[in-house]
S.K.: 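Quick one: structure below, then a few questions.
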Number of protein chains: 2
Amino acid sequence: MNQAVEALGALAQGTRLAIFRVLVEAGPEGLAAGRIGEKLDLPPATLSFHLSQLARAGVAKSRSEGRFVIYSADFAATNDLVAFLTENCCKGAYCGPALPPHGIVKMPERNARGRRR
Amino acid sequence: MNQAVEALGALAQGTRLAIFRVLVEAGPEGLAAGRIGEKLDLPPATLSFHLSQLARAGVAKSRSEGRFVIYSADFAATNDLVAFLTENCCKGAYCGPALPPHGIVKMPERNARGRRR
DNA sequence: TCCATATTTCCAATAATATGGAAATGTTGT
DNA sequence: ACAACATTTCCATATTATTGGAAATATGGA
């Protein structure tokens with residue numbers, strides 16, 4: 001619960017949500033901090049502040065690669081967050097009316113044997 | 001995007017997240033403000049403040065019923081929010097590693113003809 | 001109408017957060 | 001060791017959010 005508040009709080013801010021979406025689009029590979037700053041035109045101090053918030057909250061992670069710091073979205077944490085939000089939803093019954101256009105994260109396609117492609 | 005920041009901001013707070021979860025559990029029927037306050041032991045002013053934040057952000061809605069005000073979660077808005085968070089995720093490819101235990105909201109079951117049951 | 005109950009508004013004190021310039025830190029290549 | 005670049009830390013400032021007591025408002029029933 002506290003974890004969820006942290007994660008939501010990290011995303012509940014224009015600049016950070018923009019950063020997060022850049023990271024989601026970038027995928028597991030991630031993106032160097034500087035590239036993110038260029039895309040969103042953010043001064044280094046501001047960028048660094050928000051990246052550290054995202055990482056502290058667990059929705060993004062960073063790894064060092066040479067003199068770059070590569071940030072990427074934490075997809076597992078994001079899924080956990082989404083699951084938490086709708087936990088106990090209507091005690092298990094369908095609770096429309098809206099039908100989601102797609103899932104949280106696409107399931108890997110499977111062949112007839114049930115193996116991932 | 002602004003809409004998403006509002007929605008996330010509404011949920012990014014301990015008291016409000018607790019309220020929201022009570023509403024999610026209550027389902028579309030909703031719950032009178034007072035009942036929520038009892039469950040979470042909140043003073044009226046505080047409760048009212050947070051309920052109005054949730055409603056303003058669109059993740060909850062209210063209707064009057066006699067002298068009660070019934071609040072309920074807005075499931076459609078919640079789904080939109082979740083969809084937005086993972087939009088353009090990995091440009092369409094599966095982006096594990098975690099597989100979600102279940103969908104955002106359960107799809108209604110369909111029979112062989114594709115009709116809802 | 002009058003009373004009991006439900007919810008909201010008003011208000012002030014307190015705390016937390018966002019911003020970005022300047023300087024510090026760390027890393028690579030010469 | 002030095003220069004060039006990437007990122008973070010330090011700092012001050014401005015803005016916004018949370019809290020709850022007390023009073024106001026609204027509804028239903030006797």
Side-chain angles (χ1 to χ4, degrees), chain A residues 1-23 26 29-74, chain B residues 1-23 26 29-74:
Chain A
M1 167 95 179
N2 220 31
Q3 163 70 7
V5 171
E6 297 283 314
L8 289 164
L11 298 171
Q13 207 276 340
T15 305
R16 281 196 298 268
L17 185 54
I19 294 173
F20 180 77
R21 280 162 64 77
V22 166
L23 292 180
E29 301 294 293
L31 214 53
R35 299 296 82 71
I36 302 168
E38 282 166 14
K39 283 208 184 204
L40 301 175
D41 192 33
L42 295 170
T46 301
L47 174 66
S48 187
F49 169 73
H50 289 301
L51 283 172
S52 79
Q53 299 286 98
L54 289 168
R56 214 174 42 74
V59 295
K61 32 188 188 176
S62 67
R63 64 183 198 275
S64 283
E65 215 159 88
R67 61 181 152 173
F68 299 91
V69 178
I70 313 287
Y71 281 86
S72 55
D74 188 324
Chain B
M1 167 97 180
N2 221 31
Q3 163 69 8
V5 171
E6 297 284 314
L8 289 164
L11 298 171
Q13 208 276 341
T15 306
R16 281 197 297 268
L17 185 54
I19 294 173
F20 180 77
R21 280 161 65 76
V22 166
L23 293 180
E29 301 294 294
L31 213 54
R35 300 294 82 72
I36 302 168
E38 281 166 14
K39 283 209 183 202
L40 301 174
D41 192 32
L42 296 169
T46 302
L47 174 66
S48 187
F49 169 73
H50 289 301
L51 283 172
S52 79
Q53 298 286 98
L54 289 168
R56 214 175 42 71
V59 296
K61 32 188 188 176
S62 67
R63 64 181 197 276
S64 283
E65 214 158 90
R67 60 180 153 172
F68 300 91
V69 178
I70 314 286
Y71 281 87
S72 56
D74 187 324

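Quick note: numbers below take in every heavy atom, side chains included, and nothing from hydrogens, waters or symmetry partners. Chain letters run A, B, ... following the sequence lines, proteins first and then strands; every chain starts at 1.
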S.K.: Starting at the 5' end of DNA chain C, which residue's closest nucleotide do you reach first, B:Thr46 or A:Ala12?
M.R.: B:Thr46
S.K.: Base, sugar-phosphate, or nothing for B:Pro44, non-hydrogen atoms under 4.0 angstrom?
M.R.: base
S.K.: Where is the tightest heavy-atom contact between B:Ala57 and B:Gln3, given as atom of each residue plus distance?
M.R.: O-NE2, 3.8 Å
S.K.: Roughly how far, to the nearest 0.5 Å, is the OG1 atom of A:Thr15 from the CD atom of A:Gln53?
M.R.: 11.5 Å
S.K.: Would you say a side-chain N or O of B:Tyr71 is under 4.0 Å from OP1 or OP2 of C:dT8?
M.R.: yes
S.K.: Specify the separation, in whole Å, of atom CD1 of B:Ile70 and atom C1' of C:dT5.
M.R.: 14 Å
S.K.: Given that both pair distances must be under 3.5 Å and the pair must be Watson-Crick or G-U, what runs of three or more consecutive pairs involve DNA chain D?
M.R.: C:1-30 with D:1-30
S.K.: Between C:dA4 and B:Arg67, is there an OP1 or OP2 to side-chain N/O distance shorter than 4.0 Å?
M.R.: no
S.K.: For the side chain of A:Val69, counting heavy atoms from C-beta on, which of D:dT7, C:dA18, D:dT27 is nearest?
M.R.: D:dT7
S.K.: Please report the shortest heavy-atom distance between B:Val69 and B:Ser62, naming the atom on each side.
M.R.: CG1-CB, 3.8 Å
S.K.: Return the value, rounded to whole Å, for the distance between atom CD of B:Glu38 and atom P of C:dA6.
M.R.: 8 Å
S.K.: Can you tell me if the side-chain N/O atoms of B:Thr15 get under 4.0 Å from OP1 or OP2 in D:dT19?
M.R.: yes
S.K.: I need the minimum non-hydrogen distance between A:Leu31 and A:Arg35, along with the two atoms involved.
M.R.: CG-CB, 3.8 Å
S.K.: What's A:Ala45 touching, base or sugar-phosphate or nothing? Going by heavy atoms closer than 4.0 Å.
M.R.: base
S.K.: What is the distance, to the nearest angstrom, from the CZ atom on B:Arg35 to the P atom on C:dT5?
M.R.: 12 Å
S.K.: State, yes or no, whether a side-chain contact exists between B:Ser72 and B:Glu29 at a heavy-atom distance under 4.5 Å.
M.R.: no
S.K.: With rounding to the nearest 0.5 Å, note down the distance linking CD1 in B:Ile36 to CG in B:Asp41.
M.R.: 14.0 Å
S.K.: Provide, to the nearest angstrom, the distance between the CZ atom belonging to A:Phe49 and the P atom belonging to D:dT8.
M.R.: 13 Å
S.K.: Round to a whole Å and report the spacing from NZ of A:Lys39 to C1' of D:dA6.
M.R.: 18 Å
S.K.: Taking 4.0 Å as the cut-off, does a side-chain nitrogen or oxygen of B:Ser48 come that near to OP1 or OP2 on C:dT7?
M.R.: no
S.K.: What pair of heavy atoms forms the shortest contact from B:Ala4 to A:Leu17, and how long is it?
M.R.: CB-CD2, 3.9 Å
S.K.: Would you confirm whether B:Arg16, through its side chain, and B:Gly9, through its main-chain N or O, come within 3.5 Å as a donor-acceptor pair?
M.R.: yes
S.K.: Assuming nearest nucleotide by heavy-atom distance, tell me which of A:Leu47 and B:Gly66 is located more 5' along DNA chain D.
M.R.: A:Leu47
S.K.: Within the structure, does a side-chain N or O atom of A:His50 lie under 4.0 Å from either OP1 or OP2 of C:dT17?
M.R.: no
S.K.: Looking at D:dT19, I'd like to know if its phosphate oxygens (OP1 or OP2) sit under 4.0 Å from a side-chain N or O belonging to B:Gln13.
M.R.: yes
S.K.: Counting side-chain heavy atoms from C-beta on, which of C:dA6, D:dT19, C:dA18 comes nearest to B:Phe68?
M.R.: C:dA6
S.K.: Distance check needed: D:dA6 C1' versus A:Ile36 CD1, whole Å only.
M.R.: 13 Å
S.K.: What integer distance in Å separates A:Leu54:CG from D:dT7:P?
M.R.: 15 Å
S.K.: Distance check needed: D:dT7 P versus A:Leu42 CG, whole Å only.
M.R.: 13 Å
